[in-house]
Peer 1: 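What follows is a structure written as structure tokens; I'll ask about it next.
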Amino acid sequence: MDNQLLQIQNRTCRIYGTASAEYLLLQMANEHDLAGMERETEAIRRQTAHTFLLVAVQVENWNDDLSPWPAPPVWGKQGFGGRAGDTLAWLEQAVPSIRRLHSIKVKEDCRVILGGYSLAGLFALWAATQTDTLYGVAAASPSVWFSGWPEYETAHPIQAQQVYLSLGDREEHTKNQTMASVGDNIRALHSALTRRGKDCTLEWNAGGHFKDADLRTARAFAWTMESGKWQF
């Protein structure tokens with residue numbers, strides 16, 4: 001089933017993995033993510049024996065569609081449109097269609113994990129503050145530097161029980177003061193989730209933000225499927 005195209009309303013999805021799977025993995029993806037999706041899928045297979053269906057949803061307007069609220073530019077001239085609510089509404093409508101079209105098991109048997117890289121990782125974390133239907137969140141190098149996020153999550157706690165967090169060990173070492181907060185923010189989020197009794201890990205990867213995004217995302221999904229019990 002790898003690299004099968006599926007059109008749902010106005011969005012294109014690429015499907016990887018096994019129908020009637022144990023886990024439904026959802027990932028909002030840009031063109032760079034899609035280019036590495038086959039390598040990501042193979043990396044997930046190497047790290048878990050669980051069956052999964054990975055649905056990569058192509059995102060056209062990355063900064064707008066994945067940001068939870070409007071914000072000014074952090075670099076360059078493009079700001080953030082704050083349309084994550086629309087994206088989540090589409091995703092919630094799309095999941096039943098995906099299950100029906102590919103014979104995915106019913107809700108009680110098929111666990112849904114929302115994951116992604118960078119701003120898609122932040123979107124996954126934010127979505128888990130809005131709904132209790134997610135089994136887990138696989139957030140690889142999430143943009144937790146986003147303005148207002150720490151305060152928002154404190155007031156609207158993440159509801160998923162399994163949460164994977166990671167960051168490159170060079171990401172917080174930047175002259176951009178907003179983005180430099182990513183290290184302290186992700187440490188604080190990990191501590192808060194742990195205090196709340198969540199099954200949560202924070203993994204540090206060697207390098208900056210743009211290194212091995214596909215493999216880091218694969219690791220995030222595999223850990224979350226194993227509910228934190230897999231030892232890499």
Peer 1: For the residue pair Asp199 and Trp223, establish whether any side-chain heavy-atom pair is separated by less than 4.5 Å.
Peer 2: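 A side-chain contact exists here, since the closest heavy-atom pair is under 4.5 Å.
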Peer 1: Would Glu31 and Arg14 satisfy salt bridge (Lys or Arg N to Asp or Glu O under 4.0 Å), going step by step from the backbone distance to the final call?
Peer 2: CA-CA 12 Å; Glu31 292 183 1; Arg14 291 187 180 272; over 6 Å; no
Peer 1: Looking at Lys198 and Gln159, would you say the former's side chain and the latter's main chain have a donor-acceptor pair under 3.5 Å?
Peer 2: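 The answer is yes, because a donor-acceptor pair under 3.5 Å joins these two groups.
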Peer 1: Using a strict threshold of under 4.0 Å (side-chain N to carboxylate O), is an ion pair present between Arg219 and Asp212?
Peer 2: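 No.
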Peer 1: A side-chain contact here means heavy atoms from C-beta on lying under 4.5 Å apart; do Met179 and Glu172 qualify?
Peer 2: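 A side-chain contact under 4.5 Å is absent here.
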Peer 1: Could you walk me through whether Ile158 and Trp126 pass side-chain contact (heavy atoms from CB on, under 4.5 Å), step by step?
Peer 2: CA-CA 7 Å; Ile158 289 169; Trp126 171 83; over 6 Å; no
Peer 1: Has the side chain of Asn205 got a donor or acceptor atom that lies under 3.5 Å from a matching backbone atom of Asp169?
Peer 2: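 No; judged by distance alone, with no hydrogens or angles, the pair does not exist.
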Peer 1: Is the closest basic N to carboxylate O distance between Arg45 and Glu42 below 4.0 Å?
Peer 2: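 Between Glu42 and Arg45 there is a salt bridge, with a charged N closer than 4.0 Å to a carboxylate O.
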Peer 1: Nearest 0.5 Å, please: how far is CG in Leu66 from CG in Leu119?
Peer 2: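 With rounding to 0.5 Å, CG (Leu119) is 5.0 Å from CG (Leu66).
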Peer 1: Under 4.5 Å between side-chain heavy atoms, hopping through other hydrophobics if needed: is there a path connecting Val59 to Leu5?
Peer 2: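 Shared cluster, no.
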Peer 1: Within a strict 4.5 Å, meaning less than it, do heavy atoms of the Val137 and Ile113 side chains meet?
Peer 2: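 Answer no - side chains too far apart.
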Peer 1: How close do Leu125 and Ala139 get, heavy atom to heavy atom, and via which atoms?
Peer 2: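 Result for this residue pair: CG-CB, 3.9 Å.
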Peer 1: Is the side chain of Ser67 donor-acceptor paired with the backbone N or O of Asp64 at a distance under 3.5 Å, no angle test?
Peer 2: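 Judged by distance alone, yes, a pair lies under 3.5 Å.
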Peer 1: Would you indicate whether Gln7, at its atom CD, is surrounded by more than 12 heavy atoms from other residues, nucleotides or ligands within a distance under 6.0 Å?
Peer 2: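 For Gln7, atom CD is crowded (more than 12 foreign heavy atoms under 6.0 Å).
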Peer 1: Is there side-chain contact between Val95 and Thr133, with heavy atoms separated by less than 4.5 Å?
Peer 2: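 They are not in side-chain contact.
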Peer 1: Output the distance between atom CD1 (Ile186) and atom OG (Ser166), rounded to the nearest 0.5 Å.
Peer 2: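 That separation rounds to 6.5 Å.
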Peer 1: Looking at every heavy atom in both Ala29 and Met37, which two are closest together, and how far apart are they?
Peer 2: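 So the two residues come closest at CB-CE, 4.2 Å.
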Peer 1: Would you compute the distance between atom CH2 of Trp149 and atom OG1 of Thr129 and round it to the nearest 0.5 angstrom?
Peer 2: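 Output value for this atom pair is 5.5 Å.
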Peer 1: Between Arg196 and Leu193, is there a side-chain heavy-atom distance shorter than 4.5 Å?
Peer 2: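 Heavy-atom side-chain distance check passes, below 4.5 Å.
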Peer 1: If we ignore angles and hydrogens, is there a donor and acceptor under 3.5 Å between the side chains of Thr224 and Gln162?
Peer 2: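 Per modelled atom types, Thr224 and Gln162 side chains form no pair under 3.5 Å.
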Peer 1: What distance separates Ser97 OG from Ile8 CD1, expressed to the nearest 0.5 Å?
Peer 2: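 It is 5.5 Å, given to the nearest 0.5 Å.
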Peer 1: Just checking, any donor-acceptor pair under 3.5 angstrom between side chains of Glu226 and Thr48?
Peer 2: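 The answer is yes; a qualifying pair exists.
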Peer 1: Does the side chain of Asn30 come within less than 4.5 Å of Leu34's, by heavy atoms?
Peer 2: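 When only atoms from C-beta onward are counted, Asn30 and Leu34 do not touch, as no gap falls below 4.5 Å.
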Peer 1: What do the steps show when you test Trp90 against Leu88 for side-chain contact (heavy atoms from CB on, under 4.5 Å), and what is the final call?
Peer 2: CA-CA 5 Å; Trp90 175 89; Leu88 179 58; over 6 Å; no
Peer 1: Is it true that a side-chain atom of Arg216 and a backbone atom of Lys211 form a donor plus acceptor pair closer than 3.5 Å?
Peer 2: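 Answer holds: yes.
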Peer 1: Anything under 30° is parallel, anything over 60° is perpendicular, the rest tilted; go ahead and classify Trp69 against Tyr152.
Peer 2: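 The rings of Trp69 and Tyr152 sit tilted, inter-plane angle from 30° to 60°.
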Peer 1: Which heavy atom of Leu53 sits nearest to which heavy atom of Ala21, and what is that distance?
Peer 2: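 Residues Leu53 and Ala21, closest heavy atoms: N-CB, 3.6 Å.
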Peer 1: Could you give the distance from CG (Leu25) to NE2 (His50), rounded to the nearest 0.5 Å?
Peer 2: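 Reported value, rounded in 0.5 Å steps: 11.0 Å.
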Peer 1: Please report the shortest heavy-atom distance between Ala43 and Leu215, naming the atom on each side.
Peer 2: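 Taking every non-hydrogen atom into account, CB-CD2, 3.9 Å.
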Peer 1: Is the backbone of Met225 close enough, under 3.5 Å, to the side chain of Tyr23 for a donor and an acceptor to pair up by distance?
Peer 2: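 Yes; judged by distance alone, with no hydrogens or angles, the pair exists.
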Peer 1: What heavy-atom pair brings Cys13 and Val57 nearest, and what distance separates the two atoms?
Peer 2: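 Minimum heavy-atom separation between Cys13 and Val57: SG-CG2, 4.0 Å.
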Peer 1: Would you please indicate if the ring centroids of Phe80 and Phe146 are separated by under 6.0 Å?
Peer 2: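 Here the rings of Phe146 and Phe80 have centres that are less than 6.0 Å from each other.
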Peer 1: Start with the C-alpha distance between Gln58 and Met28, add both sets of side-chain angles, then the distance that settles side-chain contact (heavy atoms from CB on, under 4.5 Å), and finish with yes or no.
Peer 2: CA-CA 6 Å; Gln58 187 166 353; Met28 311 309 292; over 6 Å; no
Peer 1: Thr174 side chain to Asn176 main-chain N or O, any donor-acceptor pair under 3.5 Å?
Peer 2: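 Indeed, once roles are kept as given, a pair shorter than 3.5 Å links the two residues.
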Peer 1: Would you find a donor on one side and an acceptor on the other, under 3.5 Å apart, between the side chain of Asp214 and the backbone of Glu40?
Peer 2: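 Pair absent, no side-chain N/O of Asp214 close to backbone of Glu40.
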Peer 1: With a 6.0 Å cut-off (strictly less than), is the heavy-atom count around CZ of Arg170, excluding the residue itself, greater than 12?
Peer 2: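 12 or below, so no.
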Peer 1: So, Tyr117 versus Gln27: side-chain donor-acceptor pair below 3.5 Å or not?
Peer 2: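 Their side chains do not contain a donor-acceptor pair, so the 3.5 Å distance test is not met.
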Peer 1: With no hydrogens and no angle check, is any side-chain donor or acceptor of Asp184 less than 3.5 Å from a backbone partner on Ser181?
Peer 2: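 No: the side chain of Asp184 does not pair with the backbone of Ser181.
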Peer 1: Quick one: do the Glu171 and Ser141 side chains pair a donor with an acceptor below 3.5 Å?
Peer 2: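 Note: Glu171 and Ser141 side chains meet the donor-acceptor criterion.
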Peer 1: Does Glu22 offer a backbone N or O that forms a donor-acceptor pair with the side chain of Thr51 under 3.5 Å?
Peer 2: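 At least one qualifying donor-acceptor pair exists.
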Peer 1: May I ask you to test the Leu167-Val182 pair for a side-chain heavy-atom distance under 4.5 Å?
Peer 2: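 Yes - at least one pair of side-chain heavy atoms lies under 4.5 Å apart.
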Peer 1: Run Cys200 and Leu165 through side-chain contact (heavy atoms from CB on, under 4.5 Å) and show every step you take.
Peer 2: CA-CA 7 Å; Cys200 179; Leu165 302 170; 4.0 Å; yes
Peer 1: Check whether Thr87 reaches the backbone of Asp65 with its side chain - one donor and one acceptor, N or O, closer than 3.5 Å.
Peer 2: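 Present.
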Peer 1: Is the shortest side-chain heavy-atom distance between Tyr135 and Gln161 below 4.5 Å?
Peer 2: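 Of all side-chain heavy-atom pairs linking Gln161 with Tyr135, none is under 4.5 Å.
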Peer 1: From Leu24 CG over to Ile98 CD1, what is the distance, rounded to the nearest 0.5 angstrom?
Peer 2: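 Those atoms lie 6.0 Å apart.
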Peer 1: If you look at every heavy atom in Pro142 and Gly121, which pair is closest and at what distance?
Peer 2: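 Closest approach of Pro142 to Gly121: CB-C, 3.7 Å.
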